[in-house]
Amino acid sequence: MKKILVLAALSLLLGACEKNDSSKEQPAGEYPYYRNMSSYVLGYCVFDETQLTILRNNGYADLQLRFVGPVYYSPEMVAQEKKEPITQSQEVADKFLTFAAQNGDTNYHGDVFVGFWPSLTESIQAIHVVADRDLDEAHPAGTLLDDVIYFATCDRYAFIQSGYKGDEKQNYKVGGTLSQWPGSKLKIPYSFIPLSFSADNFSNTYPKQWWEVSTTITVTVVNMKGETKTASSTMNPSEDVI
């Protein structure tokens with residue numbers, strides 16, 4: 001039942017993860033899609049070049065992991081970007097094309113929502129979370145919370161390999177507790193990962209026993225080579241609990 005709830009939450013969290021119908025007319029003055037993109041993924045981040053950060057209570061989820069660093073953008077996307085023009089070298093553009101070719105993502109020829117998120121170029125082996133306060137008897141301070149924290153994402157690589165069939169957010173959803181993280185099966189994960197203490201609601205789910213105290217959450221992300229990135233964030237009840 002919990003798995004069903006997690007996957008249902010994905011439809012709300014990842015509303016931009018879908019192939020769009022270019023035949024739909026857009027309101028005058030708006031520019032919500034990049035048109036006729038050869039690649040579905042429009043940007044890549046390299047794990048080694050990023051810094052792991054944590055956003056709290058940002059409207060999508062209680063905790064959102066973000067890999068912040070240089071992005072290798074699709075040259076086609078760069079050419080169409082009007083609101084915030086992007087400048088990148090030919091070398092950077094060539095790296096994007098290499099990543100796209102490695103993933104077989106060169107024959108999309110569809111529209112992509114402007115609010116897209118870049119993908120990492122490699123799989124994440126595991127994500128671990130600890131807190132500096134007790135959660136319950138089974139999870140005292142400093143112990144792993146992987147079995148009680150949920151993630152939600154989509155498998156972009158599977159969508160690409162299918163020949164872009166179906167709808168990414170509907171047909172390629174992946175979710176569960178962090179102890180169920182898919183590892184190498186998720187080949188090009190998103191550069192943002194929403195986390196929650198609830199399977200059916202990704203906002204305002206902080207444990208009630210933490211509402212009256214500040215609690216520091218520490219997240220460690222491990223790639224397939226065993227390299228790690230760590231970030232911590234202190235949840236302030238007055239700011240993070242609505």
Side-chain angles (χ1 to χ4, degrees), residues 1-14 45 47 50-68 117 119-120 122-155 173-186 189-242:
M1 181 63 178
K2 288 184 177 180
K3 183 176 181 180
I4 294 174
L5 293 173
V6 170
L7 297 181
L10 278 163
S11 297
L12 299 176
L13 284 164
L14 301 170
C45 297
F47 185 87
T50 61
Q51 177 181 355
L52 181 65
T53 64
I54 303 174
L55 297 180
R56 304 190 318 276
N57 199 18
N58 67 339
Y60 290 101
D62 287 332
L63 299 171
Q64 184 181 116
L65 305 186
R66 291 186 62 180
F67 294 86
V68 179
W117 282 91
S119 283
L120 292 174
E122 62 184 280
S123 299
I124 293 171
Q125 181 182 117
I127 300 174
H128 303 302
V129 179
V130 298
D132 66 348
R133 294 188 181 276
D134 297 349
L135 178 64
D136 52 36
E137 290 185 0
H139 301 89
T143 58
L144 291 177
L145 302 175
D146 300 2
D147 62 327
V148 293
I149 292 185
Y150 296 84
F151 72 93
T153 189
C154 292
D155 189 341
K173 296 180 288 188
V174 182
T177 63
L178 287 178
S179 60
Q180 299 170 314
W181 179 262
S184 61
K185 293 180 180 179
L186 195 62
Y190 276 85
S191 61
F192 85 103
I193 302 169
L195 303 178
S196 172
F197 288 91
S198 169
D200 59 345
N201 185 2
F202 271 66
S203 295
N204 302 319
T205 64
Y206 293 149
K208 291 184 178 180
Q209 58 269 38
W210 291 351
W211 285 10
E212 302 301 324
V213 294
S214 293
T215 303
T216 298
I217 296 285
T218 299
V219 179
T220 300
V221 178
V222 187
N223 71 1
M224 300 308 294
K225 294 177 286 187
E227 299 168 336
T228 63
K229 290 187 180 293
T230 301
S232 296
S233 183
T234 300
M235 302 189 304
N236 186 330
S238 63
E239 297 176 0
D240 297 321
V241 177
I242 299 176

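Atoms considered below: every heavy atom in the structure, side chains included; atoms not considered: hydrogens, waters and symmetry mates.
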Item to check | Any residue meeting side chain to side chain donor-acceptor pair (under 3.5 Å) with Q125, in chain and number order, not counting sequence neighbours | outcome: none
Item to check | side chain to side chain donor-acceptor pair (under 3.5 Å) against T218, all qualifying residues, sequence neighbours excluded | outcome: S232
Checklist entry - Between E122 and M224, which heavy-atom pair has the shortest distance, and what is it? => result OE1-N, 4.5 Å
Checklist entry - Can you list the residues that meet the side-chain contact (heavy atoms from CB on, under 4.5 Å) rule with P140, with sequence neighbours excluded? => result D134, T143
Checklist outcome for this item: Hits for side-chain contact (heavy atoms from CB on, under 4.5 Å) against A231, two or more places apart or cross-chain, chain-then-number order -> L52, I54
Checklist outcome for this item: Here the pair of heavy atoms bringing S123 nearest to G183 is CB-O, 3.8 Å
Next on the checklist: Test of understanding: with salt bridge (Lys or Arg N to Asp or Glu O under 4.0 Å), list the residues that count as partners of K208, not counting sequence neighbours.
Outcome noted: none
Checklist outcome for this item: Sorted by chain and number, sequence neighbours left out, side chain to side chain donor-acceptor pair (under 3.5 Å) with Q180 holds for T177
Next on the checklist: Between R133 and S214 (side chain of the first, backbone of the second, donor and acceptor by atom type, cut-off under 3.5 Å), is there such a pair?
Outcome noted: yes
Item to check | Results of side chain to side chain donor-acceptor pair (under 3.5 Å) for D155 - residues two or more places apart only | outcome: none
Item to check | side-chain contact (heavy atoms from CB on, under 4.5 Å) between L178 and V129, intermediate numbers included | outcome: CA-CA 9 Å; L178 287 178; V129 179; 3.5 Å; yes
Checklist entry - Is it true that a side-chain atom of K229 and a backbone atom of V219 form a donor plus acceptor pair closer than 3.5 Å? => result no
Checklist entry - Applying salt bridge (charged side-chain N to carboxylate O under 4.0 Å, His left out), which residue pairs with at least one partner in residues 136-154 are found, sequence neighbours left out? => result none
Next on the checklist: Working note: T153 + L186, criterion side-chain contact (heavy atoms from CB on, under 4.5 Å); need CA distance, chi angles, decisive distance, verdict.
Outcome noted: CA-CA 10 Å; T153 189; L186 195 62; 4.0 Å; yes
Checklist entry - Is there side-chain contact between T215 and D132, with heavy atoms separated by less than 4.5 Å? => result yes
Checklist entry - Do I217 and W210 pass the side-chain contact (heavy atoms from CB on, under 4.5 Å) test, and can you show the C-alpha distance, the side-chain angles, and the key distance before you say yes or no? => result CA-CA 11 Å; I217 296 285; W210 291 351; 3.9 Å; yes
Item to check | For the student: nearest non-hydrogen atoms of H139 and L144, plus distance | outcome: CD2-O, 3.4 Å
Item to check | Distance in Å, S233 OG paired with L63 CG, rounded so as to fall on 0.5 Å steps | outcome: 7.0 Å
Item to check | Result of checking I193, L65, V222, N223 against I124 for side-chain contact (heavy atoms from CB on, under 4.5 Å) | outcome: I193
Item to check | Residue pair T216 / T234, side-chain donor-acceptor N/O under 3.5 Å | outcome: yes
Item to check | For S191 against C45, the heavy-atom pair lying closest together | outcome: CB-SG, 4.4 Å
Checklist outcome for this item: Exactly one candidate in W181, Y190, F197 meets ring pair (Phe, Tyr, Trp, His ring centres under 6.0 Å) with F151; the answer is W181
Checklist outcome for this item: For R66, the side-chain contact (heavy atoms from CB on, under 4.5 Å) test, sequence neighbours excluded, returns T53, L55, Q64, V68, W117, F192
Item to check | Stepwise side-chain contact (heavy atoms from CB on, under 4.5 Å) test for V148 and L135 | outcome: CA-CA 10 Å; V148 293; L135 178 64; 3.7 Å; yes
Next on the checklist: I'd like to check L195 versus Y150 (side-chain heavy atoms, cut-off strictly below 4.5 Å). Are they in contact?
Outcome noted: no
